[in-house]
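Residue numbering restarts at 1 for every chain, and letters A, B, ... go by the order of the sequence lines. Both backbone and side-chain heavy atoms feed into the values below; hydrogens, waters and symmetry mates do not.
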Protein chains: 2
Amino acid sequence: MRKAPTLKDIALATGVHVSTVSRALSPSLRTVLSDDVVKHICEVAEQMGYRPNRLAAGLRTRRTMTVGLMIPDITNAIFPPILRGVESVLEPLGYASIIVNTDSILAREHLLVDVLRERGVDGIIHAAVLRNDPKIVKVAAEGTPMVTVNRKIENSGIPAVVNDDVQGIRMILKYLYDFGHRNIAHIAGPEDLSTGRGRKNAFVDSARELGLEIPGHAILQSLRFDEAEGRRCTAALLDGGWPLTAILCANDRLALGAFEVLRARGIDCPAQISVTGFNDMPFLDLIPPRLTTVRIQQFEVGQVSADILVKLMADPAAEVASETTLPVKLMVRDSVAPPPYR
Amino acid sequence: MRKAPTLKDIALATGVHVSTVSRALSPSLRTVLSDDVVKHICEVAEQMGYRPNRLAAGLRTRRTMTVGLMIPDITNAIFPPILRGVESVLEPLGYASIIVNTDSILAREHLLVDVLRERGVDGIIHAAVLRNDPKIVKVAAEGTPMVTVNRKIENSGIPAVVNDDVQGIRMILKYLYDFGHRNIAHIAGPEDLSTGRGRKNAFVDSARELGLEIPGHAILQSLRFDEAEGRRCTAALLDGGWPLTAILCANDRLALGAFEVLRARGIDCPAQISVTGFNDMPFLDLIPPRLTTVRIQQFEVGQVSADILVKLMADPAAEVASETTLPVKLMVRDSVAPPPYR
DNA sequence: TGTTCTGCTGCAATCGTTTGCGTTAAGTAG
DNA sequence: CTACTTAACGCAAACGATTGCAGCAGAACA
């Protein structure tokens with residue numbers, strides 16, 4: 001194991017002081033040196049295969065050029081595109097990312113945020129926040145640049161990049177309405193996530209605007225954004241006896257769970273019951289009956305949040321939008337049809 | 001921004017030397033101190049919210065407790081489960097992971113391996129290696145603990161954790177054969193990946209064992225493991241005129257591409273042409289005609305590779321299996337049927 | 001009582017970079 | 001020819017933690 005060359009090694013090889021080598025290798029400081037010294041040092045450094053030690057530099061400068069990305073679960077297909085969006089802006093700038101999965105567990109989240117801080121991340125992109133979380137707010141307030149994505153912590157002062165949930169729910173509810181649906185149930189996302197609650201509120205408000213009478217028991221509360229909860233809620237809904245003709249799900253995975261239950265019970269979707277989703281996760285267009293859903297801009301949401309984080313890392317006091325809302329788009333596919341004639 | 005407390009701060013608060021604090025906080029060294037001093041220091045540290053600075057510790061000890069994970073592309077659905085498998089063993093041990101996407105581009109891979117080394121990772125799990133890659137071999141030889149997963153660098157001395165590709169291909173080819181298929185085409189994976197070449201060799205060998213005559217033009221060479229290449233190769237295959245009755249694809253995404261072309265041309269799968277995949281990626285069982293494929297143990301492959309890496313990081317000279325092959329399993333679904341009668 | 005041992009803690013160097021400040025020599029002006 | 005500016009570089013102190021070694025006390029022993 002040959003030891004990696006350090007500034008000192010280069011200094012020794014070139015006969016100058018390490019501080020001179022340091023300056024020669026820094027684009028902004030090399031101007032104070034004479035051109036030929038810079039050139040010589042760079043050549044030797046190159047030839048020795050010098051790579052700066054970010055640990056040492058970070059210790060001194062308090063900038064590690066690494067950021068932390070907190071997500072609920074990387075196996076959830078909507079997060080990888082977000083990460084690539086983040087990476088697309090951060091990597092060219094020289095940042096690396098430490099990615100952690102919180103599994104939406106508060107204790108894990110708190111543990112992991114410390115894992116990130118111990119490693120001196122320059123900032124955190126948080127795609128897994130709960131609707132309120134004092135510890136995270138405290139970390140941000142103590143000076144760690146942070147932006148939340150997809151979700152937000154309500155009036156926390158932490159910049160958030162979100163999708164236009166209200167508009168998305170409104171569009172898709174209107175779409176169902178226009179097909180003639182009046183008895184529309186909603187499988188809501190978890191209460192402790194801003195997306196869960198936000199979409200539910202949007203559902204209630206939009207329903208009122210449309211003059212729909214939605215009884216309380218037609219709104220089911222899921223505990224997680226996954227297929228199992230989709231199944232549970234759908235079954236409960238069907239067993240409830242309300243003559244629903246459509247189910248508006250708070251996300252695609254809940255809708256996939258709904259598909260399963262309907263299929264198992266021999267209920268045709270969309271002929272008998274229409275189903276809609278939210279997010280438009282990958283491969284959805286290959287799974288029948290192709291789910292009509294709302295497309296969120298996953299990659300872009302990552303990009304925008306990274307852009308903001310970069311600004312914040314450059315200047316923690318920078319003025320950035322406290323909330324950036326990206327437009328969504330209705331993806332019309334096959335899971336919605338007119339309600340059956342009765 | 002309140003500065004994070006350091007050992008020095010605790011030392012000041014407790015009236016002892018920083019070295020004493022350091023020892024008190026280290027489980028292995030605290031035994032040399034008197035119990036009450038340890039207790040007092042721990043209490044004060046706890047109360048001040050002390051978190052060790054891994055940068056500083058890493059600079060001194062050359063261990064950062066972070067590892068690098070190199071994958072081709074996180075949006076490829078088979079990698080997230082692998083990452084979770086890796087995380088399941090590394091995180092409890094206190095390791096964090098820096099994840100990078102190489103996009104299977106050599107130049108990016110080389111760049112990113114330096115990104116990891118600059119940050120002083122204690123080891124690298126490499127799920128994106130090309131079949132041969134001198135630079136990576138050099139990095140490993142210079143002492144960076146490394147294990148490759150899913151793929152391998154042939155006789156490089158780098159421990160590899162792979163799936164039993166040979167057995168998988170043999171099983172699925174036999175499965176097709178037993179249905180009566182004799183004209184079986186193969187869409188092979190990229191030549192520069194060990195999985196691509198390995199599965200192709202396994203196909204050729206297994207075909208010979210079964211006494212199948214497979215003409216050279218029935219083996220199409222894809223350039224990437226994706227749907228677009230699956231489409232291209234399938235189209236070329238169909239246009240080639242060979243009366244094939246089945247297509248054995250080197251992975252699921254190629255098979256999904258094949259599905260598309262068959263559907264577009266009005267060819268029924270499996271009635272007219274059977275198709276098989278490899279990997280069993282998530283959601284595959286929801287996409288019709290449900291693909292018959294080979295399941296690899298994604299999570300486990302991650303676990304095992306992390307286990308090995310841990311051993312290597314503890315002792316770079318540790319004796320570890322140079323190649324660990326995990327068993328695969330045939331997933332029988334709906335995309336295979338007997339060849340049409342002619 | 002003097003000596004040795006042992007248990008506990010302090011000292012200081014070290015890891016590799018960065019950076020404010022001081023020093024030197026060359027260059028310019030008077 | 002002296003004085004003073006400026007360019008170019010060296011010095012050394014940080015950053016926060018670890019760790020070999022030294023020192024000091026008290027205990028045990030002769």
Side-chain angles (χ1 to χ4, degrees), chain A residues 1-42 45 48-66 94 117-122, chain B residues 1-42 44-45 48-66 94 114 117-122:
Chain A
M1 156 132 59
R2 198 165 50 82
K3 200 171 76 41
T6 70
L7 285 189
K8 196 198 281 184
D9 298 324
I10 300 179
L12 236 48
T14 54
V16 299
H17 194 262
V18 314
S19 64
T20 305
V21 179
S22 173
R23 285 186 259 256
L25 263 23
S26 153
S28 59
L29 286 172
R30 80 171 39 136
T31 53
V32 307
L33 301 182
S34 64
D35 291 349
D36 43 353
V37 168
V38 170
K39 183 151 161 291
H40 180 217
I41 292 176
C42 287
M48 292 176 72
Y50 172 75
R51 300 266 84 199
N53 179 330
R54 303 255 181 204
L55 286 193
L59 185 57
R60 177 65 221 244
T61 62
R62 326 207 119 265
R63 302 201 73 207
T64 54
M65 296 306 284
T66 102
R117 293 212 294 173
E118 286 177 9
R119 281 156 180 89
V121 295
D122 295 338
Chain B
M1 155 131 59
R2 199 166 47 85
K3 200 172 72 47
T6 70
L7 285 189
K8 197 196 283 182
D9 298 323
I10 301 179
L12 235 49
T14 55
V16 300
H17 194 263
V18 311
S19 64
T20 305
V21 180
S22 173
R23 284 187 261 256
L25 264 24
S26 153
S28 58
L29 287 172
R30 77 169 45 133
T31 53
V32 308
L33 299 183
S34 63
D35 291 349
D36 43 353
V37 169
V38 170
K39 183 151 161 291
H40 180 217
I41 292 177
C42 286
V44 172
M48 292 177 70
Y50 172 75
R51 299 267 82 201
N53 180 328
R54 302 252 180 206
L55 287 191
L59 184 59
R60 175 66 221 243
T61 63
R62 329 209 113 264
R63 301 201 75 207
T64 54
M65 296 305 283
T66 102
D114 279 337
R117 293 212 295 171
E118 288 176 10
R119 276 146 184 101
V121 293
D122 295 337

May I have the distance from [X] (atom [atom1]) to [N] (atom [atom2]), rounded to whole angstrom?
X: B:K39; N: C:dC8; atom1: NZ; atom2: P; result: 17 Å
X: B:R30; N: D:dT18; atom1: CZ; atom2: P; result: 12 Å
X: B:L7; N: D:dT18; atom1: CG; atom2: C1'; result: 9 Å
X: B:L59; N: D:dT19; atom1: CG; atom2: P; result: 13 Å
X: A:E118; N: D:dG16; atom1: CD; atom2: C1'; result: 13 Å
X: A:R60; N: D:dG16; atom1: CZ; atom2: P; result: 10 Å
X: A:L33; N: D:dA7; atom1: CG; atom2: P; result: 13 Å
X: B:K8; N: D:dT18; atom1: NZ; atom2: P; result: 15 Å

- Which sits closer to the 5' end of DNA chain C, A:T61 or B:D35, going by the nucleotide each is nearest to? B:D35

- Task: Tell me, with the steps shown, if B:N53 and B:T6 meet side-chain contact (heavy atoms from CB on, under 4.5 Å).
- Result: CA-CA 8 Å; B:N53 180 328; B:T6 70; over 6 Å; no

- Note on the structure: Whichever of B:A56 and A:G15 has the more 5' nearest nucleotide on DNA chain D, that residue is A:G15

- Task: Using the salt bridge (charged side-chain N to carboxylate O under 4.0 Å, His left out) rule, take B:D36 and B:K39 through it: C-alpha gap first, then chi angles, then the decisive distance, then the call.
- Result: CA-CA 5 Å; B:D36 43 353; B:K39 183 151 161 291; over 6 Å; no

Please classify the nucleic acid contact of [X] as base, sugar-phosphate, or nothing, using heavy-atom distances under 4.0 Å.
X: B:T6; value: sugar-phosphate
X: A:S19; value: base
X: A:R62; value: sugar-phosphate

- Query: So how far is it from B:R119 CZ to A:R51 CZ, rounded to the nearest 0.5 Å?
  - Reply: 10.5 Å

- Message: Suppose we call a contact any N or O donor and acceptor under 3.5 Å apart; does that hold for the side chain of A:T20 and the base of D:dC9?
- Response: no

Heavy atoms from C-beta onward define the side chain here; which of [options] lies closest to that of [X]?
X: B:V16; options: C:dG10, D:dG10, D:dG16; result: C:dG10
X: A:S22; options: C:dC15, D:dT18, C:dT19; result: C:dT19
X: A:R23; options: D:dG16, C:dC21, D:dA14; result: C:dC21
X: B:H17; options: D:dT19, C:dC11, C:dG16; result: C:dC11

- Query: Would you say D:dG16 has OP1 or OP2 under 4.0 Å from some side-chain N or O of B:Y50?
  - Reply: no

- Query: Is any side-chain N or O of A:S34 closer than 4.0 Å to OP1 or OP2 of D:dC9?
  - Reply: yes

- Note on the structure: A:L59 and B:L55 have their tightest heavy-atom pair at N-CD1, 3.9 Å

- Go through the steps for A:L7 and A:Y50 under the test side-chain contact (heavy atoms from CB on, under 4.5 Å), then give the verdict. CA-CA 8 Å; A:L7 285 189; A:Y50 172 75; 3.4 Å; yes

